[in-house]
Amino acid sequence: MKTVDLIIPVYNEEESLPLFYEETQKVLEQCIGFSFRYIFVNDGSNDQTLPMLKKMAEENGIKYLSFSRNFGKEAAIYAGLKASSAQICILIDADLQHPPALIPEMLKAVSEEGYGAAGAKRKSGFFSRLFAGINNRLSSVKLQKGATDFMCMSRAFVDAVLKLSEKQRFSKGLFAWVGFKVKWIDYVQGPRTKGKSKWSLGKLFNYAADGLTSFSVIPLRIVTLLGAIICFLSFVYILITLIQTWIFGIVVPGYVTTLVVLLFLGGVIVLAIGILGEYIGQIYLESKNRPLYILEETNLDEDKNEKE
Ligand code: UDP
Ligand code: MG
C-alpha cells in the first residue's frame, strides 16, 4: 500500500466542500493499492469552512490545519506539503476546477512510470500564456504553458520543494525549479462549481511581478543595458552638438530636443528605480524572516506541526 496525502488549500469554500469530497471520494475508491488521507488547509476562512472541516473530521476522518488568518494559497500549499508524511502528495483545489478524475493517471505516472511528478495542464488563457512567454525569455526556470498547481508529487519532489525556504513563494516556479521528470496531462477546465474566484486583476499583476523577480535578475540587467545604450547615444549627441557649436557658433533653438530628452530620461529613470525597488522589496521581505503562516489549530499529530 502506498500512502497518498491530498492537500487542499481552502478559503471560504463552504459551498464547494461537500461536492468536492463526494466527487473526489468516488475517484479515490477506484484507485487500488493506495491509502488516502485528506489534509485540508483552512486559510483563514470567515465562513463555515472550519466548522464543516471539523464535522468532516469526525465523520470521515479527514485531517485539517487551520491558519489564524488568511495567509494566501502559497502559504497554505507550503503548510500542507510540510504536514504531509506520505509517499505521494496530491495538490488540488477545492472548487472542482481541478478534476479529480485525473488522479488515477497522475498516480500511475508517479508510482509506476518513474516520473517525479505529474501535473495537470490546460489550454492556457491569453494572460497566462503572455506571462509564461515573458518569464521563459527572462528566466532560466522555464514554465510549462498552461501548467496548473494541480500536481501529484513523489516524496523526493516534495522534499525538494520544502527545501526552498523562501518567504515569497511562487509555487509554479518552485515546482519547475526543482527539476525532475514531470508528466503533463491535458485537461479542460470548467467554471468554478460554487462560490467565487479569489483572484482579481491586481492580485494577478502582483503574482506575475513576484514570479518574475523571484526567479530572474534579467530585468536588472535590462536596466543596465538600457543605461549603457542611453549613455552611448548621449555621448554621440554631445559630440554632434559640440561640433555644431564649433562650426556654427551658439544656436538657440533646441526646445523640442531638450523636452524630448528630459521626458525620455525621466521615464527611464523612474522605470529603473521601480525595477530596483521590486528587488529591494523582495530582499526586505525575505530579511524579516517571518513565518509563512500562523497555525491556530489542527487535528494532525501536534508535535509535527508545532513550529511555523
Ligand atoms: N485559496 C486559498 N487561499 C486564498 C485564495 C484561495 O487557500 O487566499 C484556495 C481556494 O479555496 C481554492 C484554491 O485556493 O481551493 C484556488 O482558488 P481559486 O479557485 O479562487 O483560484 P482560481 O481557480 O481562480 O485560480
Ligand atoms: Mg478555482
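Every number for a ligand or one of its atoms is a count from 1 in the order of the listing. Atoms considered below: every heavy atom in the structure, side chains included; atoms not considered: hydrogens, waters and symmetry mates.
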Close-contact set for ligand 1 against Q97 heavy atoms, below 4.0 Å: 19 (O), 23 (O)
Could you list the atoms of ligand 1 found under 4.0 angstrom from a heavy atom of D95? 19 (O), 23 (O)
Is a side-chain donor-acceptor pair under 3.5 Å present for E74 with S171? yes
List every atom of ligand 1 that sits less than 4.0 Å from any heavy atom of N70, numbering the atoms from 1 in the order shown and giving each element. 3 (N), 4 (C), 8 (O)
Do Q282 and T213 have side-chain atoms, one donor and one acceptor, less than 3.5 Å apart? yes
Within 45° of the ring axis of Y115 and under 6.0 Å from its six-membered ring centre, is that where the NZ or CZ of K181 lies? yes
Would you mind listing every salt bridge (Lys or Arg N to Asp or Glu O under 4.0 Å) that reaches into residues 147-161, with sequence neighbours excluded? K73-D149, R155-D159
ang(OD2 D95, the Mg ion (ligand 2), OE1 Q97) rounded to 10° is 90°
Honestly, for E13 the part within reach of ligand 1 (heavy atoms, under 4.0 Å) is side chain
The Mg ion (ligand 2) contact by D93, N, O or S atom under 2.8 Å: no
If the cut-off is 4.0 Å to any non-hydrogen atom of V10, which atoms of ligand 1 fall inside it? 7 (O), 11 (O)
In plain terms, say whether K26 and E23 are close enough for a salt bridge, that is, a side-chain N and a carboxylate O under 4.0 Å apart. yes
Taking distance alone, with N or O pairs closer than 3.5 Å, would you say V41 contacts ligand 1? no
List, by chain and number, the other hydrophobic cluster members for V261, where Ile, Leu, Val, Met, Phe, Trp and Tyr join if side-chain heavy atoms come within less than 4.5 Å, directly or indirectly. L226, I230, F264, L265, V268
Partner of N70 under side chain to side chain donor-acceptor pair (under 3.5 Å), chosen from D43, N42, N12: D43
Show which atoms of ligand 1 fall inside a sub-4.0 Å distance from at least one heavy-atom site of G72. 3 (N), 8 (O)
Give the atom numbers and elements of ligand 1 that come within less than 4.0 Å of a heavy atom of D43. 2 (C), 3 (N), 4 (C), 7 (O), 8 (O)
